[in-house]
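Notes follow the structure.
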Amino acid sequence: MTTTDRRTALTACAGLVAAGALTTGCGTKGAAAHPAAHPSGSAPAPPRTSRPPAAPTAPAPRRFPGHPVQVAHGPRDRPRVALTFHGQGDPATARAILTEAERHGARVTVLAVGTWLDAHPELARRILDGGHDLGNHTEHHLDVNAMTEAEAYAEITGCARRLRRLTGSIGTWFRPSRAARASPLVERLAVRAGYPHVLSYDVDSLDFTSPGAPAVTRTVLGAVRAGSVVSLHFGYADTVAALPALLDELDRRGLHAVTTTELIG
Ligand SMILES: [Zn+2]
């Protein structure tokens with residue numbers, strides 16, 4: 001592929017995905033990874049193969065030494081917080097929240113429900129392209145702690161398989177569905193499925209009770225401190241409406257909203 005050809009391909013690609021995805025998306029990875037292979041465009045183009053483009057690969061889960069398996073907050077001595085979202089519901093609210101966070105220079109963590117990703121697969125790349133963390137929130141968002149071992153494992157691995165198909169990774173975090181903390185069994189199953197940590201939280205916004213945007217902001221700001229992991233939800237208008245004031249006040253307090261990987265790492 002000549003430089004001109006590659007530029008044409010990249011331009012076409014840019015219409016499909018955000019610019020940030022170009023190094024890993026749209027099948028340009030091989031060409032971009034070996035730019036010196038055809039200096040000045042004079043070498044013959046390599047033969048085209050019928051292989052599909054390489055799948056873009058998202059970050060894999062990591063073990064964070066010194067932290068328990070079940071993580072509820074990060075270090076208290078650094079001015080950072082993690083806003084973490086239950087990933088389900090109207091995709092328009094999801095996009096509005098991501099855009100608003102990005103406008104403030106904030107990054108968030110989305111724990112996606114498998115069936116939601118099935119209905120809106122494009123949101124997986126949207127989340128990753130914005131620099132956010134993407135994780136596993138079970139396949140069907142049932143009470144995973146109340147399930148048998150086989151059922152619970154299927155809920156975790158079902159969502160993990162879907163994430164891997166869409167992004168090349170099972171996602172960086174697992175959060176249990178319908179519970180703030182995983183039971184000892186679910187914790188073990190998450191580790192077996194490939195997640196060294198289970199993501200809990202120490203601040204509950206209660207946004208899913210639709211208390212009005214001011215109440216969501218008040219609840220979070222009353223409890224949040226350095227190192228906090230805040231539980232929020234996609235799919236609720238109050239959350240979208242609360243976010244600008246919430247992010248403004250976090251900024252004013254010098255608390256930077258980062259991904260959970262940044263918070264813990
Ligand atoms: Zn949830």
Side-chain angles (χ1 to χ4, degrees), residues 61 69-73 81-98 101 107-121 123-124 126-128 132-147 151-163 166-167 170-183 185-187 189-190 193 195 197-211 213 215-216 219-220 223-224 228-240 242-243 246 257 259-261 263:
V69 170
Q70 198 142 194
V71 169
H73 62 80
V81 298
L83 304 181
T84 66
F85 290 84
H86 153 106
Q88 202 178 24
D90 178 9
T93 68
R95 289 198 181 88
I97 285 169
L98 294 170
R107 295 294 177 268
V108 304
T109 301
V110 180
L111 293 314
V113 175
T115 52
W116 183 72
L117 286 177
D118 197 22
H120 311 288
L123 287 174
R126 169 65 187 87
I127 292 161
L128 292 169
H132 310 287
D133 269 3
L134 177 61
N136 176 332
H137 198 31
T138 76
E139 181 66 5
H140 296 97
H141 204 265
L142 304 171
D143 183 357
V144 69
N145 285 343
M147 292 180 167
E151 289 169 342
Y153 192 61
E155 278 294 309
I156 299 167
T157 54
C159 186
R161 267 197 305 277
R162 194 175 302 285
L163 282 165
L166 287 173
T167 73
I170 64 172
T172 40
W173 300 94
F174 167 76
R175 172 173 284 169
S177 43
R178 298 191 185 276
R181 292 184 64 82
S183 67
L185 171 63
V186 168
E187 188 178 299
L189 296 176
Y195 301 95
H197 297 279
V198 170
L199 183 57
S200 183
Y201 49 86
D202 65 336
V203 177
D204 190 346
S205 71
L206 300 175
D207 60 347
F208 61 93
T209 65
S210 296
V216 173
T219 300
V220 174
V224 74
S228 281
V229 175
V230 183
S231 169
L232 293 144
H233 291 71
F234 282 174
Y236 293 87
D238 287 353
T239 316
V240 180
L243 209 55
L246 179 56
T259 64
T260 308
T261 299
L263 182 80

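We count ligands from 1, going down the list as the structure has it; atoms in each ligand are counted the same way. Because the structure is a prediction, the values reported are computed rather than measured.
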* Asked: Taking the side chain from Y236 and the backbone from G89, do they hold a donor-acceptor pair closer than 3.5 Å?
  -> no
* Atom CG of L243 and atom CZ of F85: how far apart are they, to the nearest 0.5 Å? -> 5.5 Å
* **Test item: D207 side-chain N/O and H233 main-chain N/O as donor-acceptor pair under 3.5 Å** => yes
* **Backbone N/O of R181 and side chain of N145: donor-acceptor pair under 3.5 Å** => yes
* Asked: Taking C-beta and beyond as the side chain, do V110 and R126 meet within less than 4.5 Å on heavy atoms?
  -> no
* May I ask you to list the protein N, O or S atoms found at less than 2.8 Å from the Zn ion (ligand 1)? => H86 ND1, H137 NE2, H141 NE2
* Without swapping roles, check the side chain of H137 against the backbone of R175 for a donor-acceptor pair under 3.5 Å. => yes
